[in-house]
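Comments concern the structure below.
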Amino acid sequence: MKPAFYVTTPIYYVNDVPHIGHAYTTLAADVLARYKRLKGFDVFFLTGTDEHGQKVEKAANAAGETPLELADRVMKRFQSLWEKLEISNTDFIRTTQERHKKGVSVLFERVMEKGDIYLGEYEDWYCTPCETFWTETQLIDYKCPDCNRPTEKLKEESYFFRMSKYQDQLLAHIEANPDFIQPKSRRNEIISFVKEGLRDLSVSRTTFSWGIPVPGNDKHVVYVWFDALTNYITALGYPQEGGDFEKYWPCDVHLIGKDILRFHTVYWPTFLMAAGLPIPKKVFAHGWWTVEGQKMSKSLQNVVEPNMLVDKYGVDAVRYFLLREVPFGLDGDFSHQALIHRINSDLANDLGNLLNRSTAMLGKYFGGVLQTPGEESELDKAYREKTVAMIEQVDGFIDELAFSRALQAIWEVISAGNKYIDETAPWTLAKDPEKRERLSTVMYYMLESQRIVYTLLSAFMPKTAQKGLSCLVGSDEASAEGLAWGGLKPGTAIAKAEALFPRIEEKAE
């Protein structure tokens with residue numbers, strides 16, 4: 001039986017339009033899912049939309065539509081963008097689906113039966129855009145510390161979750177599982193937050209109606225985080241604890257932006273502890289993108305729209321750039337100039353040029369038919385060993401979610417291929433009939449190394465990998481077996497490859 005692997009993105013709020021940050025998290029999850037499938041895992045990859053709450057209700061009222069009409073409209077934007085970006089998700093969950101509402105209600109009831117949810121009264125400063133309550137000491141001039149907008153004092157009846165009860169258990173779990181919160185800087189941040197003391201958490205609202213009714217008291221709706229976070233198990237069929245739930249839970253990795261770290265590493269694990277359910281193995285919070293050095297904001301009109309990027313530069317160039325440019329976990333800066341530079345140097349010059357050159361040579365010297373390699377020289381051996389070592393390096397980097405380092409390791413082999421051509425000089429060997437066997441070996445090594453490169457690239461750049469593999473082996477299917485050296489069969493006809501990435505003219509500033 002294949003080992004199971006479960007990866008999730010956050011569910012995206014339908015009060016927003018998809019931007020580069022959403023695309024970034026989803027791409028990272030897609031690379032992980034594709035790579036694990038390549039390595040023989042049975043992968044469940046979940047994404048979706050968060051559709052309840054006051055912001056959605058207000059926005060729908062302002063637009064003269066129902067909250068569900070707004071959600072139906074906006075979730076399609078996310079779905080169509082994921083199709084455009086070649087996202088290979090297994091499922092797409094919506095918090096308005098019956099399967100989700102049922103799971104949330106059951107979880108709420110179970111925690112309540114245990115005595116960990118109780119009815120009380122809530123009074124604090126509320127920020128509507130962030131849907132967050134703050135204490136007076138957390139405010140800055142009575143403004144929200146997250147978005148700097150005015151807050152209002154609200155008092156309402158509320159159900160509370162006894163989060164304080166799980167403080168020590170959560171701390172013990174974080175300390176016993178160093179990989180649970182990644183990267184390390186985020187882990188330290190959460191440990192100090194928990195040590196300051198956890199307060200009980202308000203988990204219902206009476207000020208709006210767009211949400212899941214609290215079981216047994218429909219004057220209240222379940223508050224956004226208890227509702228939204230539960231998607232990770234309702235998509236697996238919870239409250240039924242067999243089937244997909246048994247197979248995939250606990251989740252191998254929740255990929256999130258750093259702004260929702262606390263909800264995933266404090267609220268979510270304590271909800272699960274109260275329900276007697278296993279805690280996710282890992283939560284990885286990546287950084288934010290700025291644009292040309294400035295924070296992305298609607299008022300600055302600098303929000304990078306992923307659909308436009310794909311239309312302009314092509315899907316695989318965008319996928320490559322976002323995961324190559326910045327170490328996953330750190331903040332990054334987006335600029336069109338940097339993207340064009342990556343396309344021209346890494347994709348056109350290095351990757352595309354190598355395949356184009358080597359297949360053209362095979363056509364010129366051997367009529368496009370791969371020959372049996374002869375004796376291995378030191379130069380060949382070093383090239384083969386570098387290619388084979390890369391496979392393990394990439395595996396380690398992907399497990400660490402170090403996507404840029406995995407791509408760097410692949411590109412080192414691509415550069416080694418271009419260097420290998422220069423050092424072996426096939427054009428000189430071709431002039432000497434006695435060097436024909438040597439030329440056969442050089443051509444074989446050059447193309448076999450690229451076959452392995454394209455097999456690994458299938459996780460990052462699916463369309464490009466399909467083109468490369470179709471050219472080299474006549475099939476666009478990548479498989480784990482394809483990672484062993486020696487997969488290319490002598491006698492195979494290989495046509496000259498077209499340029500994979502045309503160069504883009506860089507405008508002088």
Side-chain angles (χ1 to χ4, degrees), residues 316 320 343-391 407 409-433 435-458 460-461 463-476 478 482-503:
D316 277 356
Y320 174 75
I343 292 170
N344 287 344
S345 72
D346 300 10
L347 301 178
N349 285 6
D350 298 344
L351 180 70
N353 188 33
L354 180 61
L355 188 65
N356 184 268
R357 275 173 95 185
S358 47
T359 51
M361 286 178 196
L362 188 73
K364 191 173 177 185
Y365 306 141
F366 294 109
V369 177
L370 194 67
Q371 306 297 301
T372 305
E375 199 179 327
E376 182 180 76
S377 73
E378 280 302 311
L379 203 58
D380 308 334
K381 183 179 178 225
Y383 184 32
R384 174 177 59 79
E385 286 177 348
K386 189 172 181 69
T387 303
V388 171
M390 163 194 67
I391 301 165
L407 285 168
I410 294 170
W411 251 256
E412 281 168 11
V413 168
I414 294 165
S415 299
N418 280 311
K419 190 170 172 233
Y420 177 77
I421 293 180
D422 296 340
E423 287 176 340
T424 53
W427 47 88
T428 307
L429 297 173
K431 290 174 186 162
D432 186 347
K435 299 269 173 71
R436 196 152 178 82
E437 187 182 291
R438 177 74 197 125
L439 182 60
S440 303
T441 308
V442 167
M443 293 312 304
Y444 185 89
Y445 276 60
M446 202 188 294
L447 294 162
E448 174 62 0
S449 174
Q450 286 177 81
R451 185 190 64 76
I452 292 171
V453 159
Y454 283 101
T455 302
L456 286 174
L457 281 181
S458 65
F460 291 90
M461 305 162 73
K463 282 243 163 53
T464 302
Q466 284 176 346
K467 286 180 190 167
L469 290 170
S470 297
C471 169
L472 293 166
V473 292
S475 159
D476 61 11
L483 293 172
W485 182 273
L488 274 183
K489 299 287 168 263
T492 303
I494 297 175
K496 181 186 170 185
E498 295 305 308
L500 292 175
F501 291 93
R503 284 182 61 81

>> Using side chain to side chain contact (heavy atoms under 4.5 Å, CB included), reason through I452 and V413 one step at a time and then give a plain yes or no.
In response: CA-CA 10 Å; I452 292 171; V413 168; over 6 Å; no

>> Show the nearest heavy-atom pair for residues C471 and I494, with the distance to one decimal.
In response: O-CG2, 3.5 Å

>> Between I421 and L354, is the side chain to side chain contact (heavy atoms under 4.5 Å, CB included) condition met? List the steps.
In response: CA-CA 9 Å; I421 293 180; L354 180 61; 3.6 Å; yes

>> I need the full list of salt bridge (charged side-chain N to carboxylate O under 4.0 Å, His left out) pairs touching residues 438-448, with sequence neighbours left out, sorted by first then second residue.
In response: D380-R438, E448-R451

> Is there a donor-acceptor contact under 3.5 Å from the side chain of S415 to the main chain of W411?
Replying inline: yes

>> Take a 6.0 Å sphere around CD of E498 and say whether it holds more than 12 heavy atoms from other residues, nucleotides or ligands.
In response: no

> Does any N or O in the side chain of Y444 come within less than 3.5 Å of the main-chain N or O of L488, such that one atom is a donor and the other an acceptor?
Replying inline: yes

> F501 and T464: side chain to side chain contact (heavy atoms under 4.5 Å, CB included), yes or no, with the steps?
Replying inline: CA-CA 9 Å; F501 291 93; T464 302; 3.3 Å; yes

> Can you list every salt bridge (charged side-chain N to carboxylate O under 4.0 Å, His left out) pair that touches residues 409-419, not counting sequence neighbours?
Replying inline: K419-E423

I'd like a table of donor-acceptor pairs (distance under 3.5 Å, sequence neighbours excluded) in which one partner is a side-chain atom from residues 362-372, with atom names and distances.
from, atom 1, to, atom 2, distance (Å)
Q371, NE2, V369, O, 2.9

> Out of curiosity, L472 CG to L447 CG, how far, rounded to the nearest 0.5 Å?
Replying inline: 6.0 Å

>> Under the rule for salt bridge (Lys or Arg N to Asp or Glu O under 4.0 Å), what residues qualify as partners of E437, not counting sequence neighbours?
In response: none

> What distance separates I391 CD1 from L483 CG, expressed to the nearest 0.5 Å?
Replying inline: 5.0 Å

>> Just to verify, what does Y383 make a ring pair (Phe, Tyr, Trp, His ring centres under 6.0 Å) with, not counting sequence neighbours?
In response: Y420

> Say you draw a straight line from CE of M390 to CD1 of I410; how long is it, rounded to the nearest 0.5 Å?
Replying inline: 6.0 Å

> Does the side chain of M361 reach to within under 4.5 Å of the side chain of L439, using non-hydrogen atoms?
Replying inline: no

> Taking the side chain as C-beta and beyond, is there a heavy-atom pair between D476 and Y454 under 4.5 Å?
Replying inline: no

> With sequence neighbours left out, what residues match R503 under side-chain hydrogen bond (donor to acceptor under 3.5 Å, both in side chains)?
Replying inline: N349

>> Run S475 and L469 through side chain to side chain contact (heavy atoms under 4.5 Å, CB included) and show every step you take.
In response: CA-CA 6 Å; S475 159; L469 290 170; over 6 Å; no

>> Using only atom types and a distance under 3.5 Å, with no angle test, would you say the side chain of N356 pairs donor to acceptor with the backbone of A497?
In response: yes

> What are the two closest heavy atoms between Q450 and S358, and how far apart are they?
Replying inline: NE2-OG, 2.9 Å

> Which heavy atom in P373 sits nearest to a heavy atom in P490, and how many Å separate them?
Replying inline: CD-CG, 4.3 Å

